[in-house]
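One structure below.
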Amino acid sequence: MTSIATVPHRLSQISVDILYTGGTFGMVDHGDGLRPRRGLGSEIANTIARFERENGIAVRFDYTELEQVIDSADAGPDTARRIAAQVRSGIAERQPDGIVVVHGTDTMAYVGARLAFELHGIEVPVVLTGAQIPLGFPGSDARSNLTLALNSIAAQAVPGTFIAFGESLHPSVRASKRACDDYDGFATVREYTPPTAPPRLPETRPRIDSPSVGLFTVFPGMHPDLLDTALRHYQGGLVLECYGSGTLPLHGSATVEVIRAATARGTPVVVITHCDSGTVDLDRYQPGRAMRDAGAIGGGDMTREAALAKLGYLVDIGLSGSELRRWMTTNLLGELSNHPVTQPFPHTSN
Ligand code: ASP
């Protein structure tokens, strides 16, 4: 199954930039567990030569490695920004038909979603890929995943940021890692409906030292102090992954007061749902209304990865207050569905 439409005509010759950032794809085990390694250039060249032979597509490529290749569990708020800068300079220098970013799978959906925002408006596809089993190991999926990424560029995938993995090409703003024991490690967990004409963000000045943003999942027994600590630490904003339509343990009114205090300090709180279907509706239940009245923003049906990426990006470009709220709730790249809230049951008046 392919999650993204590509035009049927395949190019017989492509030019690609390949950026290796780490991940299982190139890992080795020296006895203390798998670790990333540098110096994959000749193996990538051999893999591409084989791709050319087997697919009848000539590939001109430029290969770069990040100075420090990482297990993607170590990805930080800067990782996507650094990758985006390299992608942009490669496009300016070489005008490739597409870019392949080899990345660890653990945070591929987070970094991929952030890249989608960082690189919005570029005219070629950026395709992240990786592996569950390292290149050269028995049963490795590294070569087939790289092949899928290259084929998607040859098939002229529409511009945007995608994850090529297993059998499918996923839009990164809707993708999530769903398996660590299966070649199909990712799923497009939500419908992808990018706007036909993406709205233009206001002119902004990127902040030099933006406050960081975070993600917090509610759970039965959650103490409001824990949420308070998260909100004080992540002053840039917090994505709050709630139950169902947007509910959480109230602890009387303590949780909502913690949220009210944070929004009053200027820390945005964006509510998303941990459900795979349906959307946040802060009007529906009393805890949702209380959060809304305390200043929380409804995050619709965004995935946790996309919500965190979008919040971080909008904060980094200097948006706050009502402007941030407006853009958080506007579908920029297909990260939000266009559907109005649908209720499985009618609202009751009591
Ligand atoms: N821990 C690895 C990483 O994310 C897992 C992988 O690449 O599959 O870098």
Side-chain angles (χ1 to χ4, degrees), residues 3 16-41 43-44 47-48 63-84 86-87 99-116 118 126-150 152 161-189 214-215 217 303-309 312:
S3 304
V16 286
D17 279 7
I18 299 180
L19 174 61
Y20 168 62
T21 68
T24 297
F25 189 100
M27 284 191 181
V28 277
D29 187 348
H30 292 298
D32 59 350
L34 289 167
R35 286 168 179 267
R37 70 181 156 118
R38 298 199 78 224
L40 235 59
E43 286 150 274
I44 293 280
T47 307
I48 289 183
Y63 176 74
T64 328
E65 299 185 349
L66 281 191
E67 216 161 280
Q68 215 190 341
V69 295
I70 57 167
D71 183 312
S72 80
D74 271 331
D78 263 2
T79 305
R81 276 191 301 234
R82 271 187 280 120
I83 295 173
Q86 293 237 20
V87 167
I99 292 97
V100 175
V101 178
V102 178
H103 196 279
T105 61
D106 289 340
T107 58
M108 191 182 287
Y110 289 95
V111 171
R114 180 66 191 249
L115 281 176
E118 293 286 340
V126 175
V127 185
L128 290 98
T129 195
Q132 303 277 35
I133 300 175
L135 192 63
F137 281 41
S140 173
D141 50 343
R143 195 170 65 79
S144 60
N145 285 341
L146 184 60
T147 295
L148 179 67
L150 293 171
S152 72
T161 305
F162 305 99
I163 290 176
F165 214 88
E167 302 269 300
S168 308
L169 191 62
H170 307 278
S172 66
V173 289
R174 290 311 222 174
S176 202
K177 180 174 176 181
R178 284 301 157 97
C180 52
D181 62 348
D182 195 305
Y183 291 132
D184 264 320
F186 288 82
T188 297
V189 289
L215 169 69
T217 302
T303 63
R304 69 173 73 88
E305 295 90 341
L308 186 66

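Throughout, residue positions are numbered sequentially from 1 according to the sequence presented. Whatever order the structure lists them in is the order used to number ligands and atoms, beginning at 1. Both backbone and side-chain heavy atoms feed into the values below; hydrogens, waters and symmetry mates do not.
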#### Entry: Residue pairs involving residues 63-74 (criterion salt bridge (charged side-chain N to carboxylate O under 4.0 Å, His left out); sequence neighbours excluded)
R38-E65

### Qualifying salt bridge (charged side-chain N to carboxylate O under 4.0 Å, His left out) pairs with a residue from residues 99-115, counting only residues at least two apart or across chains
D106-K177, R114-E118, R114-D316

#### Entry: Residues lining ligand 1 [heavy-atom distance under 4.0 Å, listed by chain and residue number]
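Ligand 1 pocket, heavy atoms under 4.0 Å: G23, T24, M27, D71, S72, G104, T105, D106, A131.
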
### Message
Counting C-beta onward and ignoring hydrogens, is there a side-chain heavy-atom pair between F186 and R178 closer than 4.5 Å?
### Response
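F186 does not reach R178 side chain to side chain.
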
### Query
Looking at residues at least two apart in the chain, or sitting in another chain, which of them share a side chain to side chain contact (heavy atoms under 4.5 Å, CB included) with T217?
E241

### Message
Within the 3.5 Å criterion, strictly below it, is a donor on T161 or S172 matched to an acceptor on the partner's side chain?
### Response
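Not at all, the side chains of T161 and S172 share no donor-acceptor pair under 3.5 Å.
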
#### Entry: Polar contact flag, side-chain donor to acceptor under 3.5 angstrom, S176-E305
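Side-chain D/A pair, S176 to E305: present.
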
